Novice: 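Below: one structure in C-alpha cells.
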Amino acid sequence: MRTPNAADAGGIDRLIAERRSKLAAIRARGVDPFPTAYPGREEIGAVREANEPLAADESSEEAVRVAGRITGRRGQGKVVFMDLADRSGKIQLWASIDRLDEERLAALSDLDLGDIIGAEGPVTRTRRGELSVAVDDFTLLSKTLRPPPDKHHGLKDPELRYARRYLDLMANDDARTLFITRAKAISAVRRYLDDRGFVEVETPVLQPLYGGAAARPFVTHHNTLDRNFYLRIATELYLKRCIIGGLERVYELGKDFRNEGVSFKHNPEFTMLETYEAYADYRDVMDMLEEMVRAAAAEATGSASVPWGEEEIDFGARWKRLPFAEALTEESGIDIRERTDEDDLRQAMRDAGYEAGDTTIWPKLVDSLLTQALEPRLIQPTILYDYPLSLSPFAKRTPDDPEMTERFEAFAGGMEIANAFTELNDPDDQRARFEMAAQELAAGDDEAQPHDEDFLIALEHGMPPTGGLGLGIDRLAMLLTNRASIREVVLFPARRD
RNA sequence: GGGCCGUUAGCUCAGCUGGUAGAGCAGGGGACUCUUAAUCCCAAGGUCACAGGUUCGAUCCCUGUACGGCCCA
C-alpha cells in the first residue's frame, strides 16, 4: 500500500500519486482504463503515406483509427494538440471543441505523457502544414502510472538504458532502429542458409558435458534427475553428431553461455551461429562466410559497406586472407613457429614489449600475442588461416604440416567475428587430442576440453569430411550498427547487482 | 587486473578547490480555438550514490565502498 501522504511527498512518489488519482477518477467515470483491444487500427506510417498529398485545411473523406503512445501535448484552451507515436511513426492529433464536447476534450487533456490511446477521425493538414488526425473520438487503451523519460533529451544514463531497456526503446529512436537492424541481419543469415539447403536444428542447451570451445561453463542442477548439467559453451559437438547422422548441412543459431569476464565484447550469454557442411573444407567455408556476411550487411543496412567509427568497413570487397603465423610474425616480430617452448615465447613477448602474464600455457600466450599485436589492427574484414594444432583441438591437420590445422578466424573492426575449420573426423586423432587436453587440464588449464567418450563413439561411426563455422552474431550486430560495446546490441545485457 | 573520469529533483544538466543547492523538461493550479521543444503567470519538488575522515562548517577537500563510462592490458 502507498503511504497516505504520498501526494505530499516530492519526487517520483508524487508523480505516481498524481497519475493514480487520475486513474481512480477515470474508473469513477465508468471508463475501463485497460480495455482488451482496439480493432481496425492502422499503422501511423501507412496513414501518413496515404495522406501525404493533402493540402493545408484539406481533409480525407474517410476516418482512420490510429493507436499509440502520447509523446507530446500542446494545450491551447479549447484546442489540444498531441503527438501519437507507434512503431511506424508519429502523427499529430488535433482535438478541438468543434469536434468533441467539453467533457471529452477535458478528459483528453487530462491524459498523461506516455498514456496509450486510440483515436479516430479524418486525416487533415493544419494551417501550419502538419498532417494530423482530427479527433472525433478517442479511447484510453492503457493508463501509465510512471512518467516517461525526457521527451526532448531522451534517456541517456547508460545504467538505466540497460537495466530498463524498454525506456531506451520508448525514448530513443536509435535504439529501436538498432534492434530492427539486428533482427534483419539475423533473418538475412537464416535466409542465406535456408536457401542453400541447410537444416536449422535445435540441440541441447543443458549438456551433460561441455565442449567445442575454450571456456569455463556455467553449471546447473536438475532436481528430479539429481544430476548437474552444463549450459552449453558451444553447439559444435552436437551439430557434428547431426552430420554423422546424415543431415549433411545443418546450422543452429542461438545462445551460448561462457562463465568469464564481462567486457565491451563479452556478455556471459551471447548469440552464436554454427554451421556444418559435409564434403566441404575450410576454403569453401571462407567463401560462404564472406558471401553470407555481405548479404546480411546489405539486407540489414542497405549497403555492404558500413561506417565504423571514423572509418568504413567494406564487407563487399574480397576479404584479405593471410596465413596466421606469418601475419603474426610480420606484425609482432615474433615467429611462433620457432618459439614452441612457452618460456621462450613468454620471454620473446616481454622483450618485444607485450604483456605475457604468468600463464604457463603456450596456446594462451599465442592467443594473447594475437590479441595485442594483430587483432586491433584488423579493421577491414580479414581472414587469418592455418593455426597451430595446440590451439585447435577439433580441427584437421594440414596435409603438408601435421603441427598446423586447417583452421581460420575472421576479423573485422578489430574483433574476432568468426572461427572455422575443416573438422577433425579421424576418431583416433580426436582421441589423441582429448588426451593432450587431459594433460592441459591436469596442468591447470581450466579452459581445456574435457574428455568426451560419447562424442568419440559418434566419430567412430564415421563423419564425412566437413567444413564448420562459428559466427558471433552480437559482434556482427556491433559492426552493422557501428556500436563499440556488446551491451548496446544486446537487449538486456548482464548486470551487476 | 591497472589508470582516468563520473554519480546533484522523475528525466537532461549547471553549481567558482569550503558557508546547507539551481535551470529546462515532466508533474500541480490558472490563462489561451492552428500548436509542434507551444507560450505566459503562480506554487511545489533534494538522504547532492553510500560509509567514514579533516574542518567551526563539506555537494565541494581526503580515504574507502558500490555502480557506471572511457582508455590501457
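Letters A, B, ... mirror the listed sequences (proteins, then strands); counts begin at 1. Just so you know, these numbers come straight off a predicted model, no measurement behind them.
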Novice: Return the nearest nucleotide to the side chain of A:Leu113; candidates are B:C34, B:G27, B:G10.
Specialist: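 Shortest atom-to-atom distance from the side chain points to B:G27.
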Novice: Could you go step by step and tell me if A:Leu322 and A:Glu330 meet the side-chain contact (heavy atoms from CB on, under 4.5 Å) rule?
Specialist: CA-CA 11 Å; A:Leu322 307 168; A:Glu330 176 104 356; over 6 Å; no
Novice: Taking for each residue the nucleotide of RNA chain B with the nearest heavy atom, is it A:Gln372 or A:Arg125 whose nucleotide lies nearer the 5' end?
Specialist: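 Result: A:Arg125.
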Novice: Return the 5'-most residue of the pair A:Trp94, A:Lys22 with respect to RNA chain B, ranking by each residue's nearest nucleotide.
Specialist: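 Nearer the 5' end of the strand: A:Lys22.
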Novice: For RNA chain B, what is the dot-bracket line, given that a base pair needs Watson-Crick (N1 to N3, plus N6-O4 or O6-N4) or G-U wobble (N1-O2 and O6-N3) geometry with both distances under 3.5 Å, and | means paired with another strand?
Specialist: (((((((..((((.....[..))))..((((.......))))......(((((..]....)))))))))))).
Novice: Heavy atoms under 4.0 Å, any strand shown: does A:Thr126 hit a base, just sugar-phosphate, or nothing?
Specialist: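 Answer is base: heavy atoms of A:Thr126 come under 4.0 Å of a base.
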Novice: With syn defined as a glycosidic torsion within 90 degrees of 0 and anti otherwise, which applies to B:U17?
Specialist: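 This nucleotide is in syn.
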Novice: For nucleotides B:U63 and B:A26, find the distance between their C1' atoms and express it as a whole number of Å.
Specialist: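 B:U63 and B:A26 have their C1' atoms separated by 38 Å.
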Novice: On a whole-Å scale, what distance lies between the P atoms belonging to B:C4 and B:A9?
Specialist: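 Looking at atom P only, B:C4 and B:A9 are 26 Å apart.
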Novice: Check whether any side-chain nitrogen or oxygen of A:Arg350 sits under 4.0 Å from OP1 or OP2 of B:A73, and answer yes or no.
Specialist: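 Looking at the OP1 and OP2 atoms of B:A73, neither is under 4.0 Å from any side-chain N or O of A:Arg350.
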Novice: Quickly work out the A:His153 NE2 to B:U12 C1' distance and round it to whole Å.
Specialist: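 In whole Å, B:U12 C1' lies 5 Å from A:His153 NE2.
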Novice: Check this for me: A:Glu49, atom CD, are more than 12 non-hydrogen atoms of other residues, nucleotides or ligands nearer than 6.0 Å?
Specialist: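 For A:Glu49, atom CD is not crowded (no more than 12 foreign heavy atoms under 6.0 Å).
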Novice: Have a look at A:Tyr162 and say if it touches a base, only the backbone sugar-phosphate, or nothing, with a 4.0 Å heavy-atom cut-off.
Specialist: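 Answer is sugar-phosphate: A:Tyr162 comes under 4.0 Å of backbone atoms only.
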Novice: Using the C1' atoms only, state how far B:U59 lies from B:C13, rounded to an integer number of Å.
Specialist: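 Going atom to atom, C1' in each nucleotide, I get 15 Å.
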Novice: Have a look at A:Arg99 and say if it touches a base, only the backbone sugar-phosphate, or nothing, with a 4.0 Å heavy-atom cut-off.
Specialist: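 Answer is nothing: A:Arg99 stays at 4.0 Å or more from every strand.
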Novice: Within the structure, does a side-chain N or O atom of A:Arg146 lie under 4.0 Å from either OP1 or OP2 of B:A26?
Specialist: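 Answer no for this pair, as no side-chain N or O of A:Arg146 is under 4.0 Å from OP1 or OP2.
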Novice: Would you say that A:Asp341 contacts A:Trp362 through its side chain, given a criterion of any heavy-atom pair below 4.5 Å between the two side chains?
Specialist: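 No. Closest side-chain heavy atoms not under 4.5 Å.
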Novice: Would you mind reading off the distance between A:Lys151 atom NZ and B:G24 atom P, rounded to a whole angstrom?
Specialist: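 Result: 14 Å.
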Novice: Suppose we call a contact any N or O donor and acceptor under 3.5 Å apart; does that hold for the side chain of A:Asp150 and the base of B:G10?
Specialist: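 Check fails, no donor-acceptor contact within cut-off.
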Novice: Just to be sure I understand the rule, does A:Asp157 reach a base, reach only the sugar-phosphate, or reach nothing, if contact means heavy atoms closer than 4.0 Å?
Specialist: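 Sugar-phosphate only.
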Novice: Does B:U35 have OP1 or OP2 under 4.0 Å away from a side-chain N or O of A:Lys78?
Specialist: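 It does not, given that no N or O in the side chain of A:Lys78 lies less than 4.0 Å from OP1 or OP2 of B:U35.
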Novice: Taking the C1' atom of each, how far is B:A23 from B:G64, in whole Å?
Specialist: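 B:A23 and B:G64 have their C1' atoms separated by 34 Å.
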Novice: Exactly one of A:Phe229, A:Tyr230, A:Phe218 should register a ring pair (Phe, Tyr, Trp, His ring centres under 6.0 Å) with A:Tyr210. Which one does?
Specialist: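 Single pass found, and it is A:Tyr230.
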Novice: Between B:U65 and B:U20, how many Å separate the two C1' atoms, rounded to a whole number?
Specialist: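 Between the two C1' atoms, the distance is 25 Å.
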Novice: Can A:Tyr385 and A:Tyr282 be said to form a side-chain contact (heavy atoms from CB on, under 4.5 Å), step by step?
Specialist: CA-CA 9 Å; A:Tyr385 62 91; A:Tyr282 74 149; 4.2 Å; yes
Novice: Would you please confirm or rule out a distance under 4.0 Å between OP1 or OP2 of B:U35 and any side-chain N or O of A:Arg128?
Specialist: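 So the side chain of A:Arg128 is within the cut-off, an N or O lying under 4.0 Å from OP1 or OP2 of B:U35.
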Novice: With a non-hydrogen cut-off below 4.0 angstrom, is A:Leu167 in contact with a base, only sugar-phosphate, or nothing?
Specialist: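 The answer is nothing, as A:Leu167 stays clear of every strand by at least 4.0 Å.
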Novice: Determine the interatomic distance between C1' on B:G46 and the same-named atom on B:C32; round to the nearest Å.
Specialist: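 My reading of the C1' atoms in B:G46 and B:C32 gives 33 Å.
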Novice: Between A:His152 (NE2) and B:A38 (C1'), how many Å, whole number?
Specialist: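 Value for this atom pair: 14 Å.
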Novice: Is there a donor and acceptor pair, one atom on the side chain of A:Gln76 and one on the base of B:U39, closer than 3.5 Å?
Specialist: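 Not at all, since no donor on one side and acceptor on the other fall under 3.5 Å apart.
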Novice: Taking only side-chain nitrogens and oxygens of A:Arg74, does any of them come within less than 4.0 Å of OP1 or OP2 of B:A38?
Specialist: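 Looking at the OP1 and OP2 atoms of B:A38, one of them is under 4.0 Å from a side-chain N or O of A:Arg74.
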Novice: Rounding to the closest angstrom, what is the interatomic distance between B:A31 and B:G18 at atom P?
Specialist: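 Their P atoms lie roughly 48 Å apart.
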Novice: Distance between the P atoms of B:G24 and B:C42, in whole angstroms?
Specialist: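 11 Å, rounded to whole Å.
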